[in-house]
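Computed from a prediction, not measured in an experiment: that's the story for all the values here.
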Amino acid sequence: MMILGIVVFVIGLLVSIAWHELGHLSTAKLFGIRVPQYMVGFGPTIWSRRKGDTEYGIKAVPLGGYIRMIGMFPPGADGRVTARSTSPWRSMIEDARSAAFEELQPGDESRLFYTRAPWKRVIVMFAGPFMNLVLAVALFLTVLMGFGISQQTTTVSSVSQCVIAQSENRDTCKSTDAASPAAAAGLKAGDKILSFNGVRTTSWNQLSDLIRSTPGKEVAIVVDRKGQDVTLHAKIATNQVAKKDSSGQIVEGQYVTAGFLGFSAATGIVRQDFGDSLTWMGDRVGDAVDSIVSLPGKIPALWDAAFDGAPRQADSPMGVVGAARVGGEIFTLDIPPTEQLAMALMLVAGFNLSLFLFNMLPLLPLDGGHIAGALWESLRRHLAKVLRRPDPGPFDVAKLMPVAYVVAGVFICFTILVLIADLVNPVRIS
């Protein structure tokens, strides 16, 4: 089953890459830009077929993809694209410019990328990451609304016999501990709480907030016990409980004084409605942005995990190899096949969300770098028009290629570090 999970993830990876490049391809063709190649993967070509003026193909290494567009960069100031220089930095610029025109054919003068209006270039470069976002949203909604996700419910799993401050980190009652309100009220494992203090309860987060907001109050609790409604009465205790963030998640190591009933909620697979799904996805986007921002700070721990045998942290950066391994482990878990499939779809959806956010960084050679260049050109031209100055012409993104090579070098080094960590000290799921 491990192999099956890896295969499922690799197929999802290839579809995601192809879908991303289809966004670039379709919009480029829409705006009349010639695209000689559409490739999924890198390295030697396994299969290809030419249709019209585009070669479509699959390459041996499924770690990315690309399309080739004619005229990605404008000619130099002298109008030439093949000038040479002894400066290594200048050579990088000229090599990039030459590559952008190496397949130029008669008639292509009107089909060059750089000749398109900035807003069209923004659309072409944004279309790829946007396709990943669309796929991520579609997969998330499929899982959230179709399969459901594991979460705490309003059903009682177990009842605490006494009031213990959660900051004490113990579960054994002392003779000095007061009886928990839940135990005193007669709440039992298996009871499903239907209403609390007159408010109908539909989710654990809602019920938890209601309990926390009523310290010291006498409340009526209606439960479903073996098909019958039973009304219980409890006086909510005041206790030290774990702090929750705005999304209802527990904040590790932080506590607040709030109402306490004294029971553990059972977990179950719960389908989400559209509104809850949007909220959940919004939280995941926020988490993903935070992860990207905090990425540099995680490198020391990743290095220690890769070379010093330190434990791999749960939020450690993970590459394609690590994700494929997790995809394989999903299919070895002792859970129903539908839950295995849902987890696999979630993994692919998360991968697509990461692709979207990562590609939107305003750095060459990422799509966001080209978008930033087109927006800067648009700003320059509009300012020149307002100030009645000569049109400055296209912004020469090729001049940023030395920076792009540095960024690419950093990305490659980081990718190698993550790969080593994924091989020798992988992230595992429980």
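Looking at heavy atoms from C-beta onward, I335 lies in side-chain contact with M343 at the 4.5 angstrom threshold. Using a 4.5 Å heavy-atom threshold, the side chains of L302 and F414 count as touching. Between F9 and I330 the shortest side-chain heavy-atom distance does not fall below 4.5 Å. Annotation: side chain of L333 is in contact with side chain of I429 (closest heavy-atom distance under 4.5 Å). Proximity of M360 to I371: side-chain heavy atoms (C-beta onward) are separated by under 4.5 Å at one or more points. W19 is listed as a side-chain neighbour of L22, based on a closest heavy-atom distance under 4.5 Å. Two residues are said to be in side-chain contact when any heavy atoms from C-beta on lie closer than 4.5 Å; H24 and M69 fail this criterion.
Checked for salt-bridge contact, D276 and R271 miss the test: no charged N lies under 4.0 Å from a carboxylate O. Salt bridge status for D209 with R212: absent, with no side-chain N to carboxylate O gap under 4.0 Å. Ion pair K298/D315 flagged as a salt bridge, since at least one NZ, NE, NH1 or NH2 atom sits closer than 4.0 Å to an Asp/Glu carboxylate oxygen.
Side-chain contact of Q151 with T267: a donor-acceptor pair under 3.5 Å is absent, judged by distance alone.
Minimum heavy-atom separation, V241 to G259: CG1-O, 4.3 Å. Contact record, D229 with V222: CB-CG1, 4.3 Å, taken as the closest heavy-atom pair. Contact detail for D273 and M145: the closest heavy-atom pair is C-CE, 4.3 Å. Of all the heavy atoms in Q313 and V427, the pair that sits closest is O-CG2, 4.3 Å. The shortest non-hydrogen separation linking F358 to L366 is O-CD1, 3.3 Å. The two residues L353 and V285 make their nearest non-hydrogen contact at CD1-CG2, 4.0 Å.
Considering CG of L261 and CG of L187, their distance stands at 6.0 Å, rounded to 0.5 Å. How far OG of S16 is from CD1 of I11: 11.5 Å, rounded to the nearest 0.5 Å. Here R380 contributes atom CZ and H382 contributes atom NE2; the two are 13.5 Å apart, rounded to the nearest 0.5 Å. Distance check, rounded to the nearest 0.5 Å: OG1 of T172 to CD of Q161 gives 12.0 Å.
Judged by distance alone, with hydrogens and angles left aside, the side-chain atoms of R312 form a donor-acceptor pair with the main-chain N or O of A421 at under 3.5 Å. No donor-acceptor pair under 3.5 Å is formed between the side chain of K243 and the backbone N or O of V256. S378 contributes no side-chain N or O that, together with a main-chain N or O of P118, makes up a donor-acceptor pair within less than 3.5 Å. Side-chain atoms of T54 come within 3.5 Å of backbone N or O of V35 as a donor-acceptor pair. Looking at N352, its side chain never comes within 3.5 Å of a backbone N or O of A136 through a donor-acceptor pair. Side chain of S294 to backbone of G297: no donor-acceptor contact under 3.5 angstrom is found. Between the R325 side chain and the L423 main chain, no donor and acceptor come within less than 3.5 Å of each other. With hydrogens and angles ignored, the 3.5 Å screen pairs a side-chain donor or acceptor of D422 with a backbone N or O of G319. In terms of modelled atom types and a separation under 3.5 Å, the side chain of T201 and the main chain of I193 share a donor-acceptor contact. Q272 places a side-chain N or O within 3.5 Å of a backbone atom of V270 that can act as its donor or acceptor partner.
Other residues, nucleotides and ligands contribute more than 12 heavy atoms inside 6.0 Å of the CG atom of D308. Few gaps surround CH2 on W280; more than 12 heavy atoms of other groups in view lie less than 6.0 Å from it. The number of heavy-atom neighbours closer than 6.0 Å to CD of E168, taken from other residues, nucleotides and ligands shown, is above 12.
Of the listed residues (R49, Q37, R68), just one forms a side-chain hydrogen bond (donor to acceptor under 3.5 Å, both in side chains) with E55, and that residue is Q37. No option in L133, N132, L13 other than N132 meets the side chain to side chain contact (heavy atoms under 4.5 Å, CB included) test with L355. Each of L375, L400, L379 was scored for a side chain to side chain contact (heavy atoms under 4.5 Å, CB included) with F395, with one residue passing: L400.
Centroid-to-centroid, the aromatic rings of W204 and F263 come within less than 6.0 Å.
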### Query
Which is it for T332 and E329 under the side-chain contact (heavy atoms from CB on, under 4.5 Å) test, yes or no, and what are the steps along the way?
CA-CA 5 Å; T332 65; E329 289 185 359; 4.3 Å; yes

### Task
Show your reasoning for whether side-chain contact (heavy atoms from CB on, under 4.5 Å) applies to H233 and T231.
CA-CA 7 Å; H233 297 275; T231 301; 4.0 Å; yes

### Query
Step by step, would you call K188 with V230 a side-chain contact (heavy atoms from CB on, under 4.5 Å)?
CA-CA 11 Å; K188 295 181 180 181; V230 178; over 6 Å; no

### Task
Take T257 and Q240 through the test side chain to side chain donor-acceptor pair (under 3.5 Å) and record every step on the way to the result.
CA-CA 5 Å; T257 300; Q240 287 288 311; 2.5 Å; yes

### Task
Take I269 and F147, measure what side-chain contact (heavy atoms from CB on, under 4.5 Å) needs, and give me the verdict at the end.
CA-CA 8 Å; I269 302 299; F147 292 88; 5.8 Å; no

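Using cut-offs of 30° and 60° for the angle between ring planes, the Y56 and Y38 rings count as tilted. Between F307 and W303, the ring planes lie tilted relative to each other; the angle falls in the 30° to 60° range.
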